[in-house]
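Following: one structure in structure tokens, then a few remarks.
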Amino acid sequence: HVSKANPRRAILATLAGMAVFTVSDTLMKLAATNLPVGQTISMRGLFATMIITVLAYAMGTLRIDRTLLAPAFLVRTLGEIGASIFIFLALARMPIADCTAILQVLPLALTAASAVFLGEKVGWRRWTATFVGLVGVLLIVRPGTENFGWPSLLALACVASVTLRDLSTRRISHAIPSMTVAWATAIAVMCSGGVLDPPDSWQAPSPQ
């Protein structure tokens with residue numbers, strides 16, 4: 001959680017997070033060409049869980065209690081699982097450039113959703129920028145053409161899932177450390193990969 005009194009830190013954290021997700025999506029695109037999508041999600045979740053476990057333990061935030069059963073946290077977890085499954089299914093079936101173009105609608109969706117569901121103030125300038133940005137995304141995606149297939153719908157489903165995740169994150173109590181949220185979510189996403197593609201369908205990954 002970042003204090004509202006320090007928006008610059010929040011902006012930097014958001015940019016850093018987006019940069020890391022870009023690298024992650026690129027690597028997952030490469031991995032999904034040879035492995036089942038569910039397996040790649042579980043493998044990614046396993047490594048993420050190990051790293052976050054070490055960090056959470058070092059920070060003293062590794063804990064399991066009833067706060068992890070709060071409705072906002074459960075909804076956030078569902079949003080994270082949906083986002084992971086939809087984005088990696090889309091990446092496995094369409095060019096990463098097209099997928100990234102569709103994901104550009106995400107900040108527009110978050111702006112609109114925050115105004116409707118969180119009551120945040122969005123002035124006419126931001127509404128105008130949101131509308132112009134949406135038109136730009138539609139020009140890139142071109143719905144109704146042969147370039148807009150069901151993989152594009154998967155990418156849009158990812159946008160909806162991330163919007164749900166981020167809105168519910170704002171509702172999570174500040175008493176729950178961010179690292180605890182990340183740790184529990186990583187475990188949930190890791191398990192979801194095994195549901196998407198059961199382990200008996202997994203393949204031995206190459207060292208590369």
Side-chain angles (χ1 to χ4, degrees), residues 11-52 76-113 129-130 132-167 169 182 185-186 188-197 201-208:
I11 291 172
L12 292 176
T14 301
L15 291 175
M18 294 304 296
V20 173
F21 274 121
T22 300
V23 175
S24 172
D25 290 348
T26 302
L27 295 177
M28 289 294 288
K29 172 69 173 178
L30 294 173
T33 57
N34 299 313
L35 299 173
V37 173
Q39 180 180 352
T40 61
I41 292 176
S42 289
M43 291 175 60
R44 173 181 178 270
L46 175 61
F47 285 109
T49 299
M50 291 190 297
I51 294 172
I52 295 173
R76 184 195 186 281
T77 301
L78 289 176
E80 182 68 40
I81 291 174
S84 298
I85 291 177
F86 289 133
I87 186 59
F88 296 138
L89 284 175
L91 284 172
R93 291 163 173 78
M94 65 188 302
I96 191 171
D98 293 347
C99 187
T100 302
I102 295 175
L103 293 181
Q104 297 308 307
V105 78
L106 177 57
L108 313 179
L110 281 173
T111 298
T130 298
V132 172
L134 179 60
V135 171
V137 171
L138 291 176
L139 290 176
I140 296 174
V141 176
R142 290 178 294 174
T145 66
E146 60 181 9
N147 294 326
F148 190 84
W150 68 271
S152 299
L153 296 178
L154 291 173
L156 288 175
C158 173
V159 171
S161 297
V162 173
T163 301
L164 177 65
R165 180 199 69 189
D166 289 354
L167 290 180
T169 300
T185 303
V189 172
M190 176 181 63
C191 295
S192 71
V195 175
L196 182 63
D197 285 307
S201 66
W202 290 7
Q203 305 173 17
S206 66
Q208 182 181 6

Looking at [X] and [Y], what are the two nearest heavy atoms and their distance?
X      : Y      : value
Ala113 : Thr163 : CB-CG2, 3.7 Å
Pro151 : Ala90  : O-CB, 3.7 Å
Ser192 : Val189 : OG-O, 2.6 Å
Thr169 : Arg76  : OG1-NE, 2.8 Å
Ala92  : Val37  : CB-CG2, 3.9 Å
Met190 : Leu46  : SD-CA, 3.5 Å

Any chance you could measure [X], atom [atom1], to [Y], atom [atom2], to the nearest 0.5 Å?
X      : Y      : atom1 : atom2 : answer
Leu78  : Leu164 : CG    : CG    : 7.5 Å
Thr111 : Leu106 : OG1   : CG    : 9.0 Å
Leu167 : Leu110 : CG    : CG    : 6.5 Å
Gln39  : Phe88  : CD    : CZ    : 14.0 Å
Asp98  : Arg93  : CG    : CZ    : 15.5 Å
Leu89  : Leu196 : CG    : CG    : 5.5 Å

Judged by atom type as modelled, is there a donor-acceptor pair below 3.5 Å linking the side chain of [X] to the main-chain atoms of [Y]?
X      : Y      : answer
Trp202 : Asp197 : yes
Thr33  : Leu30  : yes
Thr40  : Met28  : no

Item to check | Heavy-atom side-chain contact between Cys99 and Lys29 under 4.5 Å | outcome: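 No; the side chains remain at least 4.5 Å from each other.
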
Next on the checklist: Are the side chains of Leu108 and Val105 in contact, using a 4.5 Å heavy-atom criterion?
Outcome noted: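 Yes. Closest side-chain heavy atoms under 4.5 Å.
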
Item to check | For Phe21, all residues meeting side chain to side chain contact (heavy atoms under 4.5 Å, CB included), sequence neighbours excluded | outcome: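 With neighbours one apart ignored, the set is Arg44, Arg165.
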
Next on the checklist: Before you tell me yes or no, could you show the steps for Val162 and Cys158 under side chain to side chain contact (heavy atoms under 4.5 Å, CB included), namely the whole-Å CA-CA distance, both residues' side-chain angles and the distance that decides it to 0.1 Å?
Outcome noted: CA-CA 6 Å; Val162 173; Cys158 173; 4.1 Å; yes

